[in-house]
Chemist: 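This is the structure, below, for whatever I ask next.
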Amino acid sequence: MLKGLYAFCLALLMFSFIPRSHAQRGKSEIAVGYGYYSIYSIINHSMNDAPYGSSSAGTLSFDYRYYLSRTVTLGLGVGIENITTWGNFVTFAPEITVAYLDTKNDNIRVRLYGAAAYGFSIMSDNAVGMGEGEESGVKPWAFQATPIGMRIGRQFAGFLEVGLGYKGLIRGGMELRFPRVRHHHHDHTEDHEPTTDTATDTDPK
């Protein structure tokens, strides 16, 4: 079962990055970030009374997002965290974001948004002692609730998020947004060259 879930998640990730003609109506972006004080490290701290930072260096996370509209994105988040006194967690969680402020006409573009995600984590137990049960396996309670997120920039941007879940209480990183590509159809030819639409006011960028 575990191997099947690994294969499913890998296929889902690959599918998310494959260009599709019907998906070229909007923009997409990828992000890489690092967060601290994840829900797992908080639980580990409460169970073992271990100082924060002594058993977890933080959560490395990756996101893919597709713009359904100017304000709403749908995507997939992946998080990786190793808590030495507990276990290694690899999380896969579909995520939706909703923007509630966007200064797209200003010189410096600032986008404020909220996000919610729910999925599962695959745990590998690091601390199985004598007489203790093995905890490794799929944990169907991975989530992230981010009421405040701030993105500064346009195609290349930095971001900072405050929330609760597998990505951490505080998370920052960088994003790269891909321009929308449209296919123009011409009569009397079989060659349809994709062109990049770089319009600033008509695209959800």
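Just so you know, these numbers come straight off a predicted model, no measurement behind them.
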Chemist: Roughly how far, to the nearest 0.5 Å, is the OG1 atom of Thr59 from the CD1 atom of Ile39?
Modeler: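 If I round to the nearest 0.5 Å, the distance is 11.0 Å.
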
Chemist: Can you confirm whether Tyr66 sits close enough to Lys27 that some side-chain heavy atom of one is under 4.5 Å from a side-chain heavy atom of the other?
Modeler: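 No, their side chains stay 4.5 Å or more apart.
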
Chemist: Are Val162 and Val98 connected in a single hydrophobic cluster, I mean Ile/Leu/Val/Met/Phe/Trp/Tyr linked by side-chain heavy atoms less than 4.5 Å apart?
Modeler: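 Looking at the clustering, Val162 is in a separate group from Val98.
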
Chemist: Supply the atom-to-atom distance Ser28 OG to Tyr67 OH, rounded to the nearest 0.5 angstrom.
Modeler: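 It comes to 9.5 Å.
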
Chemist: Would a 4.5 Å heavy-atom cut-off, applied to side chains only, mark Leu169 and Leu164 as touching?
Modeler: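 In contact.
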
Chemist: If the test is salt bridge (Lys or Arg N to Asp or Glu O under 4.0 Å), which one of Arg109, Arg154, Arg70 qualifies with Asp102?
Modeler: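 For Asp102, the salt bridge (Lys or Arg N to Asp or Glu O under 4.0 Å) check succeeds only for Arg109.
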
Chemist: Let me confirm one number: the CZ-CD distance from Phe178 to Glu29, rounded to the nearest 0.5 Å.
Modeler: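 Result: 9.5 Å between the selected atoms.
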
Chemist: Can you tell me if Thr73 and Thr97 form a side-chain donor-acceptor pair at under 3.5 Å?
Modeler: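 A pair is found: one side chain offers a donor N or O, the other an acceptor, under 3.5 Å apart.
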
Chemist: Do you know which two heavy atoms are closest between Trp86 and Asp125, and how far apart they sit?
Modeler: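 Looking at all heavy atoms of both residues, the closest pair is O-OD1, 3.0 Å.
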
Chemist: Do Ser61 and Arg171 come close enough that some side-chain heavy atom pair is under 4.5 Å?
Modeler: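 With C-beta onward as the side chain, the pair touches.
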
Chemist: Is there a path of hydrophobic side-chain contacts, each under 4.5 Å between heavy atoms of I/L/V/M/F/W/Y residues, joining Met174 to Leu160?
Modeler: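 Unlinked, Leu160 and Met174 end up in two clusters.
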
Chemist: Could you pull out the closest heavy-atom pair between Gly87 and Met123, with the gap in Å?
Modeler: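 The pair with the smallest heavy-atom distance is CA-CE, 4.2 Å.
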
Chemist: Counting C-beta onward and ignoring hydrogens, is there a side-chain heavy-atom pair between Arg151 and Arg177 closer than 4.5 Å?
Modeler: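 Yes, their side chains come closer than 4.5 Å.
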
Chemist: What are the two closest heavy atoms between Glu81 and Gly58, and how far apart are they?
Modeler: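 Result for this residue pair: CG-O, 3.6 Å.
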
Chemist: Look up atom CG in Asn44 and atom CD1 in Ile83, then write down how far apart they are to the nearest 0.5 Å.
Modeler: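 Answer for the CG-CD1 pair, Asn44 versus Ile83, is 5.0 Å.
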
Chemist: Keeping the roles fixed (side chain from Thr103, backbone from Asp106), state whether a donor-acceptor pair exists under 3.5 Å.
Modeler: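 Not a single qualifying donor-acceptor pair exists.
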
Chemist: Hey, which of Asn88, Thr85, Thr84, Asn82 is the one that makes side chain to side chain donor-acceptor pair (under 3.5 Å) with Asn126?
Modeler: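 Going through the options one by one, the only one that passes is Asn82.
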
Chemist: Do Val72 and Leu112 share a hydrophobic cluster, counting only Ile, Leu, Val, Met, Phe, Trp and Tyr and linking them when any side-chain heavy atoms are less than 4.5 Å apart?
Modeler: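 In one cluster with Val72: Leu112, no.
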
Chemist: Verify the cluster assignment for Ile152 and Leu176: are they in a single hydrophobic cluster under the rule of side-chain heavy atoms below 4.5 Å apart?
Modeler: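 As far as the 4.5 Å side-chain criterion goes, Leu176 and Ile152 are not connected within one cluster.
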
Chemist: Any chance you could measure Ile122, atom CD1, to Ile80, atom CD1, to the nearest 0.5 Å?
Modeler: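 These two atoms lie 11.0 Å from each other.
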
Chemist: Are any of the side-chain heavy atoms of Ile96 and Leu68 separated by less than 4.5 Å?
Modeler: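 No. Closest side-chain heavy atoms not under 4.5 Å.
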
Chemist: Other than Phe159, which residues form its hydrophobic cluster under the rule that side-chain heavy atoms must be closer than 4.5 Å?
Modeler: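 Under the 4.5 Å side-chain rule, Phe159 groups with Tyr113.
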
Chemist: Is a side-chain donor or acceptor of Thr146 paired with a backbone partner of Ile148 at a separation under 3.5 angstrom?
Modeler: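 Not a single qualifying donor-acceptor pair exists.
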
Chemist: Out of the candidates Glu161, Glu95, Gln144, only one should pair with Lys167 under the side chain to side chain donor-acceptor pair (under 3.5 Å) rule; please name it.
Modeler: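 Between Lys167 and the candidates, side chain to side chain donor-acceptor pair (under 3.5 Å) is satisfied uniquely by Glu95.
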
Chemist: Under 4.5 Å between side-chain heavy atoms, counting indirect links through other Ile/Leu/Val/Met/Phe/Trp/Tyr residues: same cluster for Ile170 and Tyr40 or not?
Modeler: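 Yes; Tyr40 is reachable from Ile170 via cluster members.
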
Chemist: Got a sec: does the CD1 of Ile108 have more than 12 other heavy atoms crowding it under 6.0 Å?
Modeler: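 No - once you tally the heavy atoms of other residues, nucleotides and ligands closer than 6.0 Å, there are 12 at most.
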
Chemist: Taking the side chain as every heavy atom from C-beta outward, state whether Phe120 and Trp141 have any atom pair closer than 4.5 Å.
Modeler: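 Contact flag for Phe120/Trp141 side chains = no.
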
Chemist: Who pairs with Tyr34 by ring-ring contact (aromatic ring centres under 6.0 Å, His included), at least two apart in sequence or on another chain?
Modeler: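 If we apply the ring-ring contact (aromatic ring centres under 6.0 Å, His included) test to Tyr34, skipping adjacent residues, the hits are Tyr36.
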
Chemist: Salt bridge check, Glu175 against Arg111: does any charged N sit closer than 4.0 Å to a carboxylate O?
Modeler: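 Looking at Glu175 together with Arg111, the answer is no, because their closest N to O distance does not fall below 4.0 Å.
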
Chemist: As a quick check of understanding, evaluate side-chain hydrogen bond (donor to acceptor under 3.5 Å, both in side chains) for Thr91 and Ser121, giving each step before the final call.
Modeler: CA-CA 4 Å; Thr91 301; Ser121 293; 2.5 Å; yes

Chemist: Which heavy-atom pair separates Gly119 from Pro94 by the least distance, and what is that distance?
Modeler: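 Shortest heavy-atom separation between Gly119 and Pro94 comes out as CA-CD, 4.3 Å.
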
